[in-house]
Chemist: 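Next up is a structure, given as structure tokens.
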There are 2 protein chains.
Amino acid sequence: MVTATQSPRHPAGLAQKLADSGLRSTPQRELVYEVLLTKRDHPTADEVFARVKPELPGISLATVYNCLETLVQCDLVRAVNFERGPTRYCPNLRPHAHFHDELTGQTHDVDLPETLFAKLKSELPPGFDANAVEITFRGKAKSSAN
Amino acid sequence: MVTATQSPRHPAGLAQKLADSGLRSTPQRELVYEVLLTKRDHPTADEVFARVKPELPGISLATVYNCLETLVQCDLVRAVNFERGPTRYCPNLRPHAHFHDELTGQTHDVDLPETLFAKLKSELPPGFDANAVEITFRGKAKSSAN
DNA sequence: CACCTAATTTGGAATAATTCTAATTATCGC
DNA sequence: GCGATAATTAGAATTATTCCAAATTAGGTG
């Protein structure tokens, strides 16, 4: 029989990406990443902490902060900030925008054509060279996408 | 001779806009607004406090927060949040994007064609109705626009 | 102009989010 | 198995912001 790792649900990419940066794969990092992948509602560090704790009761909030920062450094997760308030975390790596629903407070990922991002960058005045664009919409979502 | 008001440099719009919301024009509000107009480098509340204090030594940080919040409510100023850290304030009311220079940490306003904002909104999936779009670029600015 | 009322400001305490620190624990290569 | 290094932990410290109750200021009214 194949020996299963403790958390086989996450993509194999994690251990590899960590190794690429000279970092180790640990139960805490795996679990934090898995939690992000499982419920993609852009949780805060506190929320991640709450979701992770039942599985790994000894984990500390500081470690959750550390793990999230590590994942961001490895380009496995994006940190998202709109409006004052705690940073939120998003494991969606494709270029996409965020739609912030003013009624529910929820944040939805919105895929936009790659060409639009390119067009935006091309609209910059001479001398400005952007390597990333962040787009946030605010409004009301009536869709079933909740 | 014409009797000058204490702070004649700010647009006459301030007192009017405040009145529209049933609020009073005060020296603190006028000065905070004037400071934002004078140096448009997207200062934090602390920075505004520092700039305002020499002119009005008795002012408190709480008042600066209050004034900034008031100006945002009156649509005279926009609160800007990218990356974790203190909220910054921007008196530019035209639709525009922000360019965050990774080298200097400075933030520049970038005017984009109105049509682009419209196009972005039109790219949203059905059911998503945006009333605002925020765009932030990150990268390096080599221009003289510093 | 004196008063009444409500808006505003103030200083300090309280809260929230995050980072720091020093000590402990786990892991990797030999 | 040992030693060096990485990672985690708990709690203290820091930063940004909000809250609160008291003092001040400003209009409007007679």
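Fair warning: this is a prediction, and the values are worked out from it, not measured in the lab. Numbered from 1 within each chain, the chains take letters A, B, ... in sequence-line order. Computed over heavy atoms, backbone and side chain alike; hydrogens, waters and symmetry mates excluded.
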Chemist: Can a salt bridge be assigned to the pair A:D41 and A:R51 using a cut-off of 4.0 Å between side-chain N and carboxylate O?
Modeler: yes
Chemist: Of all the nucleotides listed (D:dT9, D:dA6, D:dA16), which has the minimum atom distance to the side chain of A:R24?
Modeler: D:dA6
Chemist: In whole angstrom, give the distance that lies between atom CZ of B:R88 and atom C1' of D:dA16.
Modeler: 12 Å
Chemist: Would a 4.5 Å heavy-atom cut-off, applied to side chains only, mark B:L120 and A:L116 as touching?
Modeler: yes
Chemist: Kindly work out whether a path of hydrophobic side-chain contacts (I/L/V/M/F/W/Y, heavy atoms less than 4.5 Å apart) joins B:L56 to B:L14.
Modeler: yes
Chemist: Taking 4.0 Å as the cut-off, does a side-chain nitrogen or oxygen of A:R29 come that near to OP1 or OP2 on D:dA7?
Modeler: yes
Chemist: I need the full list of ring pair (Phe, Tyr, Trp, His ring centres under 6.0 Å) pairs touching residues 75-99 of chain A, with sequence neighbours left out, sorted by first then second residue.
Modeler: A:H42-A:H98, A:F82-A:H100, A:H96-A:H98, A:F99-B:F128
Chemist: Quick one: on DNA chain D, does A:L23 or A:L61 contact a more 5' nucleotide (nearest heavy atom)?
Modeler: A:L23
Chemist: Any side-chain N or O of A:T26 under 4.0 Å from OP1/OP2 of D:dA6?
Modeler: no
Chemist: Whole angstroms only, please: what is the CD1-C1' distance between A:I59 and D:dA7?
Modeler: 11 Å
Chemist: Does any non-hydrogen side-chain atom of A:V77 lie less than 4.5 Å from one of A:C90?
Modeler: no
Chemist: Give a yes/no answer on whether the side chain of A:Q28 brings an N or O atom under 4.0 Å of OP1 or OP2 in D:dT9.
Modeler: yes
Chemist: Specify the separation, in whole Å, of atom OH of A:Y65 and atom P of D:dA13.
Modeler: 18 Å
Chemist: Could you give the CZ-to-C1' distance, from B:F49 to D:dT18, as a whole number of Å?
Modeler: 16 Å
Chemist: How many whole angstroms separate atom CG of B:N66 from atom P of D:dT24?
Modeler: 18 Å
Chemist: Both B:R84 and B:C67 contact DNA chain C. Which one's nearest nucleotide lies toward the 5' end?
Modeler: B:C67
Chemist: Thinking salt bridges, do A:D111 and A:R94 make one under a 4.0 Å N-O criterion?
Modeler: yes
Chemist: How would you give the extent of chain B contacts on DNA chain C, as first and last nucleotide 5' to 3' within a 4.0 Å heavy-atom cut-off?
Modeler: C:dA7 to C:dT19
